[in-house]
Colleague: 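My structure is below; once you've seen it, I'll send some questions.
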Amino acid sequence: MGTTLLSPFDSIASAISGPSNKDGKLAKNIIFLVSDGMSTGTLNMASMLLQRKEGRQSHWLSLYEQNHVRRALMDTASANALVTDSAAASSSWGGGKRVLNGAINVNADGSENTPILQKFKKAGKAVGIVTTVTATHATPAGFSVTSKKRSDEPGIAAKYLEIGLDVIMGGGLENFSPSLRKDKQDLFSTAKQKGYSIAQDRKSLLALENQKTLLGIFNEGALPYSLDRSGDSGLIERTPTLAEMTRQAIKTLSKNKNGFVLQIEGGKVDWAAHANDVGALLYDQIALDEAIAEAIAFAEKDNDTLVVITTDHGNANPGLFYGAKANDNFDRIQKFRHTNEWVLNGIDKNTTTAAFIEKLEAAQGYAIKQEEAKSILQHYQQLDEQGLYNPRKLPYKYLAQVQTAYTSVGWGSMDHSGDYVELAMFGPGSELLKPFVKNIELHNLMLNATGVSVSS
Ligand SMILES: [Zn+2]
């Protein structure tokens, strides 16, 4: 199960590329960072934004500049699709096998693949997941549990406690709270009985000291976009950043003498890409980049940690496109204070053109034309009462199309792509990485890197 067929070129590939782990020692810990739905253009524009705004390179690309990591391209297909969803993508890493889109470590014939965090737990390591979306969302679930449907998040939440994940952090209060769960189960008190430290806001998370297990749920649904959070003192007080959650997760798990395995996900990079929301996209990518810095800082000191940095699939394939004003247009994003989602959620069918133009200018620093505003507002006349807050219904597409003239950022789609994606590794075990791999190969690579038996 999950064993990859070695191609004759394998040995050659490892000999010709990048830094290696000369002493071939085993990794004690793994920190696996995922920017969900990150096309290469997203990585590239986040780097350009940081360089022009703060005069520094992104942490991800600094690792490339300093030749600190092995780098590869990864094939992201699932069992039935060249373009995967997040559930099948994470299952390819988590279970070592390609499954149908929408499934979590369950094969088409109903048989199940043992998730990697359960294998590491059995081997005595501490295990955990951290994300900016619901803690039970597809990517963290793909490392942890089996589920016929990714949508069964209440079921996945209960399974997290059954298998004893040591750290669980993210959003999704509705999957843990008795007042919000359909079955009225109180997973917070279940966790308390199992000895978990519980945090439901940033202050209590940062105050934790001696916890060995931690359940941190900071919002109903996903956490706010990083850009909207940074402009709102209430959100800053209530919700931690991905980097802060990463630091507390490492602090908690590293108490285990047999080591730990931790997945960190910037989950809303994907949501922003689906919405063609450039401010949400780039500032959430930068939030993931800050979490990379936390992981690398720990690994550089610890010397026993394999850090994996990647994405599960491309999304929307955005890019900065040619034009006389491309530099100035792109630099506008430095002044953004709010996302398109924040703007579009703040208006309704009664909002006047002038008020909309004013709101967008206050949020993003540029004034669109009357007819452009009208072309967006008209969509609110078509929304039904229930649909107002459904992201799929808000006129993201039309705002993004107007916005391209002001940012020079263009979009290929509002959905996942089948592109081969970026993958980088740092530390013991990184020498196992070849320049081109299939997503499923990471399962055994993680087991081999830590010396945990492949057939466990
Ligand atoms: Zn995804």
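In listed order, ligands and their atoms are each counted from 1. These numbers come from the heavy atoms of this one structure, side chains and all, not from hydrogens, waters or symmetry mates. Counting begins at 1 with the first residue of the sequence.
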Colleague: Without hydrogens or angle criteria, can the side chains of Ser413 and Asp415 be said to hold a donor-acceptor pair below 3.5 Å?
Modeller: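 No, Asp415 and Ser413 have no side-chain donor paired with an acceptor closer than 3.5 Å.
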Colleague: Begin with the C-alpha distance, continue with both residues' side-chain angles, and end with the deciding distance and a verdict on ring pair (Phe, Tyr, Trp, His ring centres under 6.0 Å) for Tyr420 and Phe436.
Modeller: CA-CA 9 Å; Tyr420 300 145; Phe436 183 71; 4.9 Å; yes
Colleague: Of the backbone and side-chain N, O or S atoms of Asp270, does one lie nearer to the Zn ion (ligand 1) than 2.8 Å?
Modeller: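 Coordinating: no.
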Colleague: Using the Zn ion (ligand 1) as the apex, give the angle to atoms OD2 (Asp312) and OG (Ser86), rounded to 10 degrees.
Modeller: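 The two atoms subtend 100° at the Zn ion (ligand 1).
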Colleague: Salt bridge check, Arg98 against Asp75: does any charged N sit closer than 4.0 Å to a carboxylate O?
Modeller: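 Counted as a salt bridge, because a side-chain N and a carboxylate O are separated by less than 4.0 Å.
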Colleague: Report the name of the N/O/S atom of Asp36 located nearest to the Zn ion (ligand 1).
Modeller: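 Relative to the Zn ion (ligand 1), the closest nitrogen, oxygen or sulfur of Asp36 carries the name OD1.
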Colleague: Tell me, please, if Ser90 has any N/O/S atom, main chain or side chain, under 2.8 Å from the Zn ion (ligand 1)?
Modeller: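 No - counting backbone and side chain alike, Ser90 has no N, O or S atom under 2.8 Å.
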Colleague: Please say whether more than 12 non-hydrogen atoms of neighbouring residues, nucleotides or ligands are located less than 6.0 Å from NZ in Lys397.
Modeller: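 Atom NZ in Lys397 is not packed in, count stays at 12 or less.
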Colleague: Would you say Arg181's side chain and Pro154's backbone share a donor-acceptor pair under 3.5 angstrom?
Modeller: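 Indeed, once roles are kept as given, a pair shorter than 3.5 Å links the two residues.
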Colleague: Is His313 close enough that one of its N/O/S atoms sits under 2.8 Å from the Zn ion (ligand 1)?
Modeller: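 Checking the Zn ion (ligand 1) against His313, an N, O or S atom does fall under 2.8 Å.
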